Q: 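Got a structure for you, questions after.
Bear in mind that the values here come from a model prediction, so they are computed numbers and not experimental data. Labels below follow one simple rule: chain letters A, B, ... track the order of the sequence lines, proteins then strands, and each chain is numbered from 1. Just so it is clear, the values below take in all heavy atoms, side chains as well, and ignore hydrogens, waters and symmetry mates.
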Amino acid sequence: MAKKLPLSFYRQDDVTSIARQLLGKVLVTSIDNVRTAGVIVETEAYAGIRDRASHAWNNRRTQRTEVMYQPGGLAYVYLCYGLHYLFNVVTNVKEVPEAILVRALEPLDGIAAMQHRYPHKNTVKMTAGPGSLCKALGIDAALNGEQLTGNRIWIENAPAIADAQILAGTRVGVQYAGADALLPYRFSIKDNKWVSKGKGL
DNA sequence: AGCGCGATGCCCT
DNA sequence: GGGCATCGCGCTA
């Protein structure tokens with residue numbers, strides 16, 4: 001089994017750089033003693049208080065966003081549209097509320113368990129999209145605030161993806177953010193069929 | 001293939 | 001009250 005990424009990885013200060021570095025790394029959950037894992041193929045950076053698309057824009061601080069203000073290396077899991085959980089990685093240091101949304105995975109381990117949690121006609125769609133991958137990996141509100149160096153959810157190291165293999169585009173579903181909606185903060189591995197179908201890449 | 005819609009909780013005018 | 005970091009279905013072609 002590959003090595004877990006250390007807390008120092010998450011505490012770097014450039015959220016878009018970390019979002020690029022996360023591509024190719026392996027997101028793992030161990031829930032009820034079942035290991036499910038997938039290669040991260042798509043991410044979105046949310047640049048804290050200066051980014052209108054971020055939950056922490058303008059220093060917005062609520063019970064929900066509180067975990068973003070903690071030191072990097074925690075899971076930020078929240079409910080979207082009242083029914084989908086979305087998994088984010090909290091980055092940077094304490095009081096700097098930046099995070100990265102994981103949008104798509106290439107299934108690696110525990111594929112049968114994923115299919116059981118999230119029966120899907122088309123296996124390619126099982127982990128394409130932030131709500132889908134949470135369902136497949138069993139991620140819900142119980143993992144909000146969990147340390148990513150613990151034994152329930154973590155990210156394992158893997159070789160970096162070369163810049164030439166990374167596509168950058170606009171983030172999905174953030175039109176309300178005005179000019180910030182145009183920032184190229186969505187990253188994916190070029191020509192990877194497991195990337196979600198949202199526009200902008 | 002692409003649009004419209006409903007589910008449904010948290011956070012803001 | 002309205003909009004959202006979504007998804008799958010059922011409808012149009």
Side-chain angles (χ1 to χ4, degrees), chain A residues 10 15-16 18-20 22-23 27 38 40-70 72 74-92 96-107 114-146 148 153 155 167-188 193-201:
Chain A
Y10 303 103
V15 70
T16 59
I18 305 173
R20 287 170 169 273
L22 278 176
L23 295 173
L27 177 62
I40 297 171
V41 299
E42 183 180 353
T43 58
E44 281 180 3
Y46 286 86
I49 64 172
R50 66 179 169 83
D51 177 2
R52 226 185 158 94
S54 166
H55 288 164
W57 172 67
N58 202 22
N59 229 19
R60 194 162 51 188
R61 199 157 182 161
T62 66
Q63 192 163 24
R64 182 176 70 156
T65 62
E66 192 57 33
V67 65
M68 292 183 72
Y69 290 80
Q70 299 307 306
L74 301 181
Y76 172 35
V77 181
Y78 77 96
L79 191 60
C80 182
Y81 294 100
L83 65 165
H84 300 291
Y85 289 104
L86 271 61
F87 168 72
N88 299 251
V89 173
V90 175
T91 69
N92 217 316
V96 182
E98 298 177 348
I100 297 162
L101 172 67
V102 176
R103 289 193 53 88
L105 302 175
E106 175 172 343
M114 292 186 210
Q115 285 170 327
H116 185 252
R117 286 187 187 127
Y118 188 26
H120 210 297
K121 297 167 199 160
N122 185 349
T123 311
V124 169
K125 291 190 172 172
M126 187 173 68
T127 54
S132 301
L133 72 89
C134 282
K135 194 148 191 169
L137 267 66
I139 298 170
D140 62 19
L143 291 178
N144 187 40
E146 189 87 357
L148 294 172
I153 183 166
I155 299 175
L167 288 181
T170 55
R171 294 172 292 183
V172 176
V174 296
Q175 287 68 32
Y176 62 91
D180 288 346
L182 303 176
L183 294 168
Y185 281 4
R186 178 180 175 212
F187 305 101
S188 68
K193 69 171 179 172
W194 305 91
V195 170
S196 78
K197 295 299 176 211
K199 295 181 173 56
L201 286 172

Q: Taking only residues at least two apart or on different chains, which pairs with a member in residues 124-144 of chain A satisfy salt bridge (Lys or Arg N to Asp or Glu O under 4.0 Å)?
A: none
Q: With no hydrogens and no angle check, is any side-chain donor or acceptor of Arg171(A) less than 3.5 Å from a backbone partner on Ala45(A)?
A: yes
Q: What is the separation between atom CE on Met126(A) and atom P on dT6(C), rounded to the nearest whole Å?
A: 20 Å
Q: By salt bridge (Lys or Arg N to Asp or Glu O under 4.0 Å), which residues pair with Glu106(A), not counting sequence neighbours?
A: none
Q: Over how many whole Å does the gap from His120(A) atom NE2 to dC7(C) atom C1' extend?
A: 8 Å
Q: Tell me every residue that passes side-chain contact (heavy atoms from CB on, under 4.5 Å) with Gln175(A), counting only those two or more places apart in sequence or in another chain.
A: none
Q: Residues two or more places apart in sequence or in another chain: which of them pass side-chain contact (heavy atoms from CB on, under 4.5 Å) with Ala47(A)?
A: Val15(A), Arg50(A), Asp51(A), Tyr185(A)
Q: Could you list the residues that satisfy side-chain hydrogen bond (donor to acceptor under 3.5 Å, both in side chains) with Arg61(A), not counting sequence neighbours?
A: Glu66(A), Glu95(A)
Q: Excluding sequence neighbours, so at least two apart, what forms salt bridge (Lys or Arg N to Asp or Glu O under 4.0 Å) with Arg117(A)?
A: none
Q: Rounded off to whole Å, could you give me the CZ-to-C1' distance for the Arg171(A) and dT6(C) pair?
A: 17 Å
Q: Considering residues at least two apart in sequence or located in another chain, which fulfil the salt bridge (Lys or Arg N to Asp or Glu O under 4.0 Å) criterion with Glu98(A)?
A: none
Q: From CD of Gln175(A) over to P of dG3(C), roughly how many Å is that when rounded to an integer?
A: 14 Å
Q: Could you write out DNA chain C as a dot-bracket string, with dots for unpaired bases, | for bases paired across to another strand, and Watson-Crick or G-U pairs counted at under 3.5 Å?
A: ||||.|||||||.
Q: Ignoring hydrogens and geometry, is there a side-chain-to-backbone donor-acceptor pair from Arg60(A) to His55(A) under 3.5 Å?
A: yes
Q: Are any protein N/O atoms closer than 3.5 Å to N/O atoms in nucleotides 11-13 of chain B? If there are, list each pair with its distance.
A:
residue, atom, partner, partner atom, Å
dC11(B), OP1, Thr62(A), OG1, 3.3
dC11(B), OP1, Arg64(A), N, 3.1

Q: Within this structure, what is the NZ-to-C1' distance between Lys135(A) and dC7(C), rounded to whole angstrom?
A: 10 Å
Q: Expressed in angstrom and rounded to an integer, what is the separation of Leu101(A) atom CG from dT6(C) atom P?
A: 8 Å
Q: In whole Å, I'd like the distance from the CG atom of Asn88(A) to the C1' atom of dT6(C).
A: 13 Å
Q: Got a sec, which residues hit ring pair (Phe, Tyr, Trp, His ring centres under 6.0 Å) with His120(A), two or more places apart in sequence or on another chain?
A: Tyr118(A)
Q: Give each protein N/O atom lying under 3.5 Å from an N/O atom of nucleotides 4-8 of chain B, with the pair distance.
A:
residue, atom, partner, partner atom, Å
dT8(B), O2, Tyr81(A), O, 2.5

Q: Asn144(A) has an atom CG; how far is it from atom P of dG9(B), in whole Å?
A: 17 Å
Q: Going by side-chain hydrogen bond (donor to acceptor under 3.5 Å, both in side chains), name the residues that satisfy it together with Asn144(A), two or more places apart in sequence or in a different chain.
A: none
